[in-house]
Structure formats: C-alpha cells, structure tokens
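Just below is one structure, and these are the notes that go with it.
Hydrogens, waters and symmetry mates are skipped; everything else that's a heavy atom, side chains included, is used. Quick caveat: nothing in here was measured; it's all calculated off a predicted structure.
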Amino acid sequence: MKQAGSILIVDDNPDVLIAARLLLKQHYQVVKTTDNPFDIEGIINAQHEADQAIDVVLLDMNFTQDSISGKEGFYWLKKIMSQDANIAVLLMTAYSDIQLAVEAIKAGASDFIAKPWQNEQLLGAVAAAFSHAKDKQQVGKLTKQKQALQQSIGNQPFEFLGQSDAMQQVFSVIDKAASTDANILISGESGTGKELTAHAIHNASQRQSQPFISLDMGSLAESLFESELFGHKKGAFTGAKEDRIGRFELAHGGSLFLDELGNLPLNQQVKLLAALQNRQITPVGGSKVIDIDIRLICATNENLEQAVTEGKFRQDLLYRVNTVEIRLPALRERSEDIPLLCNYYLQHFAHKYKRELSIAASDMTRLSQYHWPGNVRELAHAIERAVILSEGSELDISSVISSPSAAVSTSELSSSATDYDTFDLEIIEQRTVRAALKHFQGNVSHAAKALGLTRGAMYRRLEKYGL
C-alpha cells in the first residue's frame with residue numbers, strides 16, 4: 001500500500017527525474033517532477049490549494065552546466081524554506097563532499113544524498129525526510145493551535161453566584177444537564193450571565209479538562225463566518241496568508257459556546273446545522289473532511305421561537321441546539337441576590353485596585369431597590385466604577401445611583417416589572433431602549449453603556465425596533 005504524502009523532484013536531468021519518479025511512485029501517492037527550479041513555487045502553491053501539500057522536495061544542487069559549487073541548490077533551498085517551513089528538503093548532487101553535506105544540513109536540509117544512488121539508500125533517505133516533515137507539520141499545527149487557543153479560549157473572570165429560588169432552579173438544571181453531552185440553549189436578557197452559565201456547564205461536565213472555546217455570533221462579520229467556525233486553507237480568499245484553525249476544531253473534545261445565536265443569518269444557519277448533524281467540517285478552500293467532537297452550548301437574548309414563526313430562524317436548527325434550555329432570570333427578578341453580588345464584586349475590585357472598602361447598610365438597600373436594566377453586567381461595572389472613585393473607607397455609591405446609567409432607572413424605565421402594562425419581554429426591551437435613547441438625547445454610546453450592551457448589540461436593537 002502506498003504511503004500518503006506528496007513528493008516533488010527537481011532536477012535538470014530528465015533521466016534522473018524518470019528514474020526517481022518510477023522508484024518513488026511505487027511507494028508514495030503523489031510524485032511531481034520538474035526540470036526547472038523556477039516552477040517550484042507554483043507547484044507547491046497548486047498542491048496546497050488541492051489539499052495535497054508537498055511534504056518532501058528532492059532538490060538538485062546544480063542546474064547550470066558545469067556548475068559544481070552547489071550555490072544554486074542552497075538558493076532554492078532557502079526559497080522553499082521561506083515559502084513553507086514544514087517541507088523537508090533532500091538535497092542531491094553528483095559532486096558531493098563531506099563539507100558540502102554539513103553545510104546543507106546547517107542550511108535546513110533534512111539530508112544530503114549523492115548521485116547515482118542506490119535505490120534502498122534513496123528510499124531510506126526519503127522515508128526519513130517524510131518523518132521529519134510530519135514532525136515539523138505537527139509542531140507547526142500545535143503552535144498555531146496554541147496561538148489560536150490563547151486568542152479564542154473563553155475566560156471566566158467571575159464566579160457564577162446566586163442564592164435566590166430562581167437561581168437555585170438554574171443550578172439544578174445545570175447539575176442535571178452538565179454530565180450529559182446534550183446541547184444546551186441559554187436564554188435571558190443581556191448581562192444576566194449567559195457566558196458564566198456556559199462556563200459552569202463546561203466545568204461540571206466530563207469535558208472540563210478540555211478546551212472551552214467561545215465565539216460571539218453577534219460581532220461576527222458574515223464574510224468571516226465559515227472561516228471562524230470551520231477554519232480556512234492558505235490562499236482560500238484574499239488575505240488568507242496562512243492556514244487557520246476554526247473554532248470547531250479548536251474545541252474538539254471540549255465545549256463550543258456560541259453567544260448571540262439569534263443574530264445568525266439564515267444562509268449561515270444552514271451551514272451550522274450541517275456541521276452539527278454530520279459532526280464534520282471542511283475548512284474553507286480545503287477538501288479534507290475533519291471529524292469533530294464538541295459539546296455545543298448556545299446563548300441568545302432573542303425569542304427564537306418567535307423568530308422561527310417569523311421565518312428568521314430555522315426550526316430544525318432550534319431543535320438541534322436546545323435539547324435542554326436554561327432561562328436566566330433578570331436581576332430585578334432575583335433582587336435578593338443583589339447584596340451577595342455587590343459584596344462579591346466589591347471584594348473583587350477592591351483587591352484589584354488595592355482598596356479597603358465596605359458598603360453602608362442604607363446604601364445596600366438603595367442598590368437592592370435599583371432596577372438594574374443592564375443586569376449583573378451593569379452591577380459589576382457600577383461597583384468597579386465606585387471602587388475607583390470612592391474616597392475614604394466606605395463605598396461611595398453616588399457614582400452608581402447618580403451615574404448616567406443609574407439615572408435611567410425609576411421614572412423612565414419603571415422601578416419594577418409590575419409597572420408595565422405588559423410582561424412581553426420584547427415590548428419591555430423596546431421601551432427600555434427607547435427611554436435610554438431619550439434620556440441620553442440620542443447618544444448611542446451612553447445609552448448602550450447604561451443598558452449594559454455593546455455598541456454592536458445596541459445598533460442591532462435600534463435596527464430591530466426601527467429606532
């Protein structure tokens with residue numbers, strides 16, 4: 001059986017090309033030849049695009065008539081190494097000496113062989129070169145994976161806390177579902193802690209020692225969707241200067257967390273569904289299918305069932321992602337947790353900024369009565385701001401209650417859900433966004449910050465509600 005792999009033979013002697021090709025074709029799947037070293041770059045690129053990247057190059061050291069210095073071989077060796085450092089280069093020459101062989105190895109060649117060769121000798125050298133190439137490719141892949149993991153791996157800066165009955169129900173569902181590989185959909189308003197919930201699920205699962213990879217679908221440009229999720233091959237599109245490992249492959253064996261799933265366009269929903277059903281992906285520009293083993297956790301602040309009714313979300317994808325659904329309560333629905341959260345974030349940020357602060361009982365009451373439209377995220381940011389601005393030993397909550405974000409609370413956003421004439425969350429959200437815009441006189445950045453939203457998330461709501 002032939003060994004998988006690609007070889008390129010470069011020599012200006014047609015007899016050498018024929019002899020080497022006939023010998024190596026018996027043992028390796030792909031053997032390319034050329035008598036012109038200026039073809040090397042094009043052949044390597046073409047093979048890479050065909051997903052049959054060159055592993056080993058057999059390179060003659062002299063192409064000019066009567067040349068015996070080997071300088072041409074060293075020149076093309078350097079060109080090959082700069083084009084693809086993972087290729088193993090085996091240098092060949094009829095004018096060999098020990099010093100030249102030493103220089104070749106120092107220059108990056110995997111080996112040096114004299115012509116004419118013994119067939120067994122050449123096969124042994126090529127086999128060693130293949131092993132060298134595979135080692136370099138593996139190191140390169142691990143390096144890229146490490147870099148990609150450092151950029152993509154989800155961070156969990158805070159603990160997932162709650163003592164209220166509502167949160168105890170959430171914890172109960174997590175305990176039951178985490179030990180399985182069931183796909184989980186986390187729903188809830190912005191800032192309620194959906195990513196913390198995803199971390200909690202991963203950490204309680206059998207995959208806890210494997211990667212937790214997250215991706216915000218709301219901030220993902222449509223043109224980059226496939227590249228981010230499935231990866232791409234070098235040259236797949238303009239700007240693809242090297243292979244990229246996608247989030248699915250990075251999360252292999254672990255958990256993949258897709259945030260703001262409701263923002264995914266229909267044409268991309270089809271591609272995501274296919275990957276989940278087949279448990280396979282194909283990088284953009286590649287032809288090799290990659291098996292994936294991930295636990296999928298998704299999150300949304302949209303009403304996906306309503307989106308299905310409106311034709312904006314695929315029902316089959318919804319069935320696929322919400323084997324178990326966890327709804328996170330808004331902070332106003334679990335106000336008894338506010339003192340716990342305030343003290344936790346106070347301790348966290350006081351340590352971070354090297355302060356010693358406490359919260360007065362009267363101030364804690366005021367904080368507990370505040371509406372917190374941005375939920376836990378807003379509370380955390382507010383406490384951090386107060387820690388920075390406070391003087392003395394007590395937390396000055398004037399920067400919280402009297403801040404621009406807090407000023408949107410009672411009169412404009414209502415102090416409790418019971419003040420609304422409806423409990424429809426979408427209507428409440430629209431009114432809240434409208435009130436925040438009015439309060440900040442149309443300043444989107446200030447309104448978004450007050451609501452605990454990113455600018456991108458804010459703009460999506462403005463478009464959604466026609467504001």
Side-chain angles (χ1 to χ4, degrees), residues 142 145-162 166-220 228-231 245-264 272-273 275-277 279-281 290-301 304 317-329 337 341 344 348 375-377 380:
L142 290 174
Q145 284 181 326
K146 182 178 179 181
Q147 292 172 345
L149 281 169
Q150 289 174 341
Q151 296 173 359
S152 307
I153 198 162
N155 294 317
Q156 187 182 9
F158 302 118
E159 292 183 23
F160 190 39
L161 302 174
M167 287 306 296
Q168 292 306 310
Q169 292 178 16
V170 170
F171 295 149
S172 176
V173 176
I174 290 175
D175 288 341
K176 294 174 182 176
S179 60
T180 73
D181 265 349
N183 293 334
I184 294 179
L185 177 65
I186 307 168
S187 61
E189 297 179 12
S190 293
T192 49
K194 291 187 284 294
E195 186 166 1
L196 289 178
T197 306
H199 273 285
I201 294 167
H202 174 75
N203 291 338
S205 75
Q206 297 178 354
R207 298 173 179 260
Q208 58 182 289
S209 61
Q210 300 301 315
F212 175 94
I213 303 296
S214 62
L215 179 62
D216 183 353
M217 309 299 281
S219 64
L220 187 62
E228 285 290 338
L229 279 182
F230 310 138
I245 301 172
R247 304 298 175 100
F248 267 99
E249 191 174 356
L250 285 173
H252 184 74
S255 301
L256 177 62
F257 174 57
L258 302 181
D259 200 3
E260 295 204 37
L261 185 68
N263 293 291
L264 193 62
L272 176 59
L273 178 62
L276 295 175
Q277 288 178 333
R279 301 190 72 80
Q280 292 180 327
I281 59 168
I290 300 173
D291 293 328
I292 55 168
D293 172 24
I294 58 106
R295 199 279 180 75
L296 183 68
I297 306 172
C298 297
T300 183
N301 50 27
L304 294 187
L317 179 58
L318 180 58
Y319 289 151
R320 178 69 61 173
V321 302
N322 76 336
T323 305
V324 176
E325 183 170 356
I326 298 175
R327 180 192 173 275
L328 294 182
D337 285 332
L341 294 169
Y344 171 76
H348 176 87
N375 294 297
V376 181
R377 183 188 294 124

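- Of the inter-residue distances, the one linking Cys298 atom SG with Leu215 atom CG reads 10.5 Å to the nearest 0.5 angstrom.
- Every side-chain contact (heavy atoms from CB on, under 4.5 Å) that Ala204 has, sequence neighbours left out, goes to Ala178.
- Under the side-chain hydrogen bond (donor to acceptor under 3.5 Å, both in side chains) criterion, Asn322 pairs with no residue, sequence neighbours left out.
- Going from atom OG of Ser179 over to atom CD1 of Ile174 covers 12.0 Å, rounded to the nearest 0.5 Å.
- Taking the side-chain contact (heavy atoms from CB on, under 4.5 Å) definition, one finds that Thr180 meets it with Ala182, Arg295, sequence neighbours left out.
- Taking CG of Leu196 as the reference point, atom CG of Asn203 lies at 10.5 Å (rounded to 0.5 Å).
- A distance of 3.0 Å separates CZ of Phe160 from OG1 of Thr197, quoted to the nearest 0.5 Å.
- Atom CD of Gln168 has more than 12 neighbouring heavy atoms from other residues, nucleotides or ligands inside a 6.0 Å radius.
- Shown here are the side-chain hydrogen bond (donor to acceptor under 3.5 Å, both in side chains) partners of Gln280, two or more places apart in sequence or in another chain: Asp291.
- Remark: Arg320 pairs with no residue by the salt bridge (Lys or Arg N to Asp or Glu O under 4.0 Å) rule, at least two apart or across chains.
- Contact between Asp259 and Ala299 at its shortest, heavy atoms only, is OD1-CB, 3.4 Å.
- The ring-ring contact (aromatic ring centres under 6.0 Å, His included) test applied to Phe257 returns no partner, not counting sequence neighbours.
- By the side-chain contact (heavy atoms from CB on, under 4.5 Å) test, Arg279 is found to be paired with Ile292, Asp293, residues two or more places apart in sequence or in another chain being considered.
- Taking the six-membered ring wherever Trp is involved, the centroid distance between the rings of Phe212 and His199 falls below 6.0 Å.
- Here the options are Ile297, Thr300, Leu229, Leu185, the test is side chain to side chain contact (heavy atoms under 4.5 Å, CB included), and the partner is Leu258; only Leu229 passes.
- The side-chain hydrogen bond (donor to acceptor under 3.5 Å, both in side chains) check on Gln169 picks up nothing, with sequence neighbours excluded.
- For the atom pair Leu276 CG and Ile294 CD1, the distance stands at 6.0 Å (nearest 0.5 Å).
- Counting all heavy atoms, side chain and backbone alike, Phe171 lies closest to Gly162 at CE1-O, 3.3 Å.
- Legend: salt bridge (charged side-chain N to carboxylate O under 4.0 Å, His left out) pairs involving residues 174-191, not counting sequence neighbours, sorted by first then second residue: Asp181-Arg207, Glu189-Arg332.
- Here the closest non-hydrogen pair linking Leu273 and Leu317 is CD1-CA, 4.0 Å.
- Side-chain N or O atoms of His202 include one that pairs as donor or acceptor with a backbone N or O of Gln210 at under 3.5 Å.
- Interatomic distance, CG of Leu272 versus CG of Leu296, reported as 7.0 Å (0.5 Å rounding).
- For the pair Pro329 and Val170, the tightest heavy-atom approach, listed with the atom from each and the gap, is CD-CG2, 4.1 Å.
- For Asp337, the salt bridge (Lys or Arg N to Asp or Glu O under 4.0 Å) criterion is met by Arg334, not counting sequence neighbours.
- Partners of Ile290 according to the side-chain contact (heavy atoms from CB on, under 4.5 Å) rule, which considers only residues two or more places apart in sequence or in another chain, are Glu249, Ile281, Pro283.
- No donor-acceptor pair closer than 3.5 Å links the side chain of Asn375 to the backbone N or O of Gly193.
- In this structure, the side chain of Lys194 engages the main chain of Gly188 through a donor-acceptor pair within 3.5 Å.
- Contacts of Asp216 classified as side-chain hydrogen bond (donor to acceptor under 3.5 Å, both in side chains), with partners at least two apart in sequence or in another chain: none.
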